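This one's a predicted model, so the numbers in the text were calculated from it and none came from an experiment. Note that these values count all heavy atoms, side chains included, but never hydrogens, waters or copies made by symmetry.
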Amino acid sequence: MSNVGSNSELLNVLSDVKARVQDKLGIVDFPMPQFILIGKQSVGKSRLIEALAGETFNFISGTLGSRRPTVLEFRHADGDGPSKWSVRDPTTNQWNLHPVHEVMMIVGKRHEELGESVSVQPIYVRIESPGCLDMQIVDLPGFRDFAVDERRKDLASKIEELDMTFMRDKRNVMLCVEEAGDASTMSSLARCKTVDPKFDRTVLIRNKLDKYYRDLTPENINQWVTGYGDLPVNLRSFSLTLPWWREGDEPPKPFQDLRQDKDDQDISEVRSKGLSAKYMETIGFANFAKFVERKVEQMFGDAIKPVLTNLKEMRDQTSKHEEGLRTEIDETNPARILSTTRDCGISFAMALTHVMEGRLDSEPVTNLEDELIKFDQHHRALGSTHFSTLPSEDFGGLDDYIHFLRNEYEPGLATFDVEINGGAQFRRLMNEVEIFLRFSEIAVETKKKDVIQAKGVGIGTLTWRDVVVKLLSNEAHRPLQRRIRYVGERIRWFFETQKEAVLGFMEKLEGTPAQQLYSPLYPKHAKLMKQNAMIKELIFSTYDAACKRQYTQFIDLFDSVLTSIFSNPWVFLKGATSKVDEDEDADLDDEMLPDLTETKKRTSEELRSRMSTESIIKNWLSEIPEDPMEVDSAVDAVQMLVLRTYGFIRSQVCDQVELFSESFFKLPMMRRLEEDMASMQISEEDKQAYEARRERLTSEIEKTQETLTEVEACITRIQDFQLKCASQPLMKRTLSSG
């Protein structure tokens, strides 16, 4: 990069991009490298900054010291003119020139306004001077190892956490300032090690080298430079002396001359002690300054490409976001808002059909265990008491039921642990509720008193058939009815939990080959629902209302079926009049359309089959003794008949539960949902909320346009710099050939 543009120009470009992106747009996570200066108080951090700036100054930060970062941008200026100091206004992000003494006061005021707190919001100061290096550095508050009271201890802890926040950022190169002494006691370096164990981004500056001149001998000079083995081999370190003079006195000569004198003195001293040539480049400020210049060129040169890539991605994302906002503001026009909401709802209703048909990439998904747990938690939160989530009181809890389904149920639920949704989940649900229903039993034993009470006396003759019906209605109807409530609630909860899956299906279609198979409105309407919470809420509430309605109708219709069954179970007991051919070798090719003779024969056989069932029932009833002296035998016979009859009813209901669920819930739900969405209405409150939303959208579009303008300006600035850098070698070759 040194051959294609000055470091100063490169830093100006990236500094401008940083100001626009990180500070003006508020985007923190951006690949912008920087030096951070860390160390204890009074270790020489401020003097190192002065050496980098090439002149003395003193930030006035009060008795409590600095409490926020100070970002110092050093720019080398050609010539012998005076230095220029600027402070960036935190409101406008504009650089304003100030005399150096005003800069010191502004910085001090920004620190003092914090009191005994700290802030991550930095102060930005720029120095343009012939004595500056081209670099940018963040001066962090110094670590406080000692505090005289609890308030100072609290401030020291806050400063430590502030500094560690910057140190943890892997984009930051840490310049760690320590006094040139025993390497094993360097506390700031130990802090660096906690966040950078391999010291890949740590540079150690051992200050006040001149204090240890007398300790250096030809025998120990090489060991001293390496910290007697206490400094890691891969740690880049420098030992140097910075300009100093007695406190209260004026500098004996210009600061840059003092800086050069101390550098010459350091080099002369270690050379006289016989320091190995391979360590000479680690001694003195000049060698440190050369390293910094090379590091700046490397860091910021490497940052150009990722910064430009991130900016282009940001531009594309912002443009896409603006397009979505404009679509929403067009669709939420007061004259169109109702039709837009209905259109989104109709698309949602249509998409439900596709999800129920099965989608491989649809989310969210769940396994049966999580489904049952969430269902149980949902109704516990509602305080539901009209049904039980356990099929039998013999189960100790939901975990026992789940264990049974997973490990004990034969032939087993193959999809128990498979995470699915939509139609596949509904099919698994049907299997589970059928198992649940088959646990239904008559909860009480039929007693002698119940049989005698049911027999009673009437105008006509009361038969044992009538007694069985009474007992079934009293003891069996309600337990089965409660379990049907469970079936209805499970189906209702299933549909209610498919909302996000349907919305996800609509959204994910965009840009995929499958998009051509479905309505092109799905992705558009999904975006509107995602962006506009009011449209989404209205559609979801309409959907939930449809689920509730179908649940109510399902329960009402099923209750009517159960009432009919238990009022005359003998009709229900009649078996199927046609049976599947049990001959495994039967060939379907042999089947032919029946003629009239065969139809007459089949009709007689089917009716005889039904009459045989009635004959069996009559035989059971006739075996019940009528003699009052044999009431005990009658009770046993009646109980047997009640249990057998209930078992048959339960089996028939379980066999047909999927048919009932499809007929009474699923099909009406999916058939009527589009109609429900098409008849949605918007209240006056919703209309006012839409108006407020449109105002916010207008404001957000303006901010998005401002963001696009800033990002485009950053991209143009970097690309112009790259073109300039690329053209310089060509210009040089042209001039030399001319």
Side-chain angles (χ1 to χ4, degrees), residues 35-53 56 58-59 61 65-66 137-147 156 159-160 163-164 166-167 173-196 199 202-217 220-233 235-247 251 255 258-259 261-270 273 275 279-289 291-292:
F35 288 106
I36 59 173
L37 188 63
I38 61 173
K40 295 187 295 185
Q41 280 187 314
S42 305
V43 78
K45 291 195 302 114
S46 298
R47 189 52 52 87
L48 178 62
I49 291 175
E50 290 177 335
L52 294 170
T56 59
N58 181 27
F59 289 138
S61 52
S66 61
I137 191 169
V138 181
D139 181 25
L140 296 173
F143 294 115
R144 320 288 171 91
D145 287 344
F146 302 99
I159 288 175
E160 174 117 9
D163 291 355
M164 293 300 292
F166 280 83
M167 293 167 67
V173 175
M174 296 178 285
L175 301 180
C176 176
V177 182
E178 295 274 15
E179 186 170 324
D182 186 355
S184 64
T185 61
M186 295 180 176
S187 59
S188 297
L189 184 63
R191 291 183 175 97
C192 293
K193 186 176 181 180
T194 62
V195 295
D196 183 27
F199 297 105
T202 303
V203 180
L204 174 63
I205 298 100
R206 303 172 73 186
N207 188 24
K208 303 180 182 179
L209 174 60
D210 57 344
K211 289 178 60 175
Y212 298 90
Y213 283 169
R214 294 183 180 180
D215 297 337
L216 303 178
T217 66
N220 71 6
I221 181 67
N222 290 319
Q223 289 80 9
W224 187 92
V225 170
T226 59
Y228 292 98
D230 289 327
L231 295 179
V233 177
L235 172 64
R236 194 62 188 263
S237 67
F238 294 88
S239 302
L240 50 83
T241 303
L242 297 172
W244 62 273
W245 52 90
R246 291 183 182 276
E247 189 174 352
F255 185 78
L258 285 175
R259 185 178 67 183
D261 288 348
K262 291 299 181 182
D263 181 70
D264 293 341
Q265 184 180 344
D266 286 341
I267 297 295
S268 175
E269 185 68 24
V270 298
K273 300 294 175 64
L275 180 65
Y279 296 129
M280 286 301 298
E281 65 178 14
T282 68
I283 304 299
F285 179 80
N287 282 321
F288 170 69
F291 165 80
V292 168

Is the shortest heavy-atom distance from the side chain of Arg144 to the side chain of Ile159 under 4.5 Å? yes
Does any part of the side chain of Trp244, heavy atoms only, come nearer than 4.5 Å to the side chain of Asp210, both counted from C-beta? yes
Side chain proximity check, Leu189 to Thr202, heavy atoms < 4.5 angstrom: yes
What's the verdict on side-chain contact (heavy atoms from CB on, under 4.5 Å) for Thr194 and Met164, showing C-alpha distance, side-chain angles and the deciding distance? CA-CA 10 Å; Thr194 62; Met164 293 300 292; 3.7 Å; yes
Non-hydrogen atoms of Pro141 and Asp163 that approach each other most closely: O-OD2, 2.6 Å
Mind listing the closest non-hydrogen atom pair of Asp263 and Ala286 along with its distance? OD1-N, 2.9 Å
What's the separation between atom OG in Ser239 and atom OH in Tyr212, rounded to the nearest 0.5 Å? 11.0 Å
Would you say the side chain of Met174 lies within less than 4.5 Å of the side chain of Val195, judging by non-hydrogen atoms? yes
Counting only N and O atoms by type, is there a donor-acceptor contact under 3.5 Å from the side chain of Lys262 to the main-chain atoms of Phe285? no
As an exercise, state the distance from CZ of Arg259 to CG of Asp261, rounded to the nearest 0.5 Å. 11.5 Å
Indicate the ring-plane relationship of Phe288 and Phe238, choosing parallel, tilted or perpendicular according to the 30° and 60° boundaries. perpendicular
Non-hydrogen side-chain atoms of Leu204 and Met186 separated by less than 4.5 Å: yes
Hey, does Thr282 have a side-chain heavy atom less than 4.5 Å from the side chain of Phe291? no
Taking CH2 in Trp245 as the centre, count heavy atoms belonging to other residues, nucleotides or ligands within less than 6.0 Å. Is the count above 12? yes
Report yes if the side chains of Arg206 and Leu231 come closer than 4.5 Å at any heavy-atom pair, otherwise no. yes
Main-chain N/O of Tyr279 paired with Asn222 side-chain donor or acceptor, under 3.5 Å: no
Has the side chain of Asn287 got a donor or acceptor atom that lies under 3.5 Å from a matching backbone atom of Gly284? no
Taking side chain as C-beta onward, heavy atoms only, is Ile283 less than 4.5 Å from Leu240? no
For Leu258 and Pro251, work out which heavy atoms get closest and say how close. CD1-CB, 4.1 Å
Of the non-hydrogen atoms in Val43 and Lys208, which two are nearest, and what is the gap between them? O-CE, 4.1 Å
Does Arg191 have any salt bridge (Lys or Arg N to Asp or Glu O under 4.0 Å) partners at least two apart in sequence or in another chain, and if so, which? Asp145, Glu160
State whether the side chain of Lys273 and the backbone N or O of Leu216 hold a donor-acceptor pair below 3.5 Å, judged by distance alone. yes
Of all residues at least two apart in sequence or in a different chain, which pass the salt bridge (Lys or Arg N to Asp or Glu O under 4.0 Å) check with Lys193? none
Checking Cys192 against Ile38 for the side-chain contact (heavy atoms from CB on, under 4.5 Å) test, could you report, in this order, the C-alpha distance in whole Å, the side-chain angles of both residues, the deciding distance, and whether it holds? CA-CA 9 Å; Cys192 293; Ile38 61 173; 3.2 Å; yes
Interatomic spacing from CG in Asn207 to NZ in Lys45 - rounded to 0.5 Å: 12.0 Å
Quick check for you: to the nearest 0.5 Å, what is the distance between Ser188 atom OG and Glu179 atom CD? 12.0 Å
Between the OG atom in Ser237 and the CD atom in Glu178, the distance rounded to the nearest 0.5 Å is 11.5 Å
Atom CG in Leu48, atom CG in Leu52: separation rounded to 0.5 Å? 4.5 Å
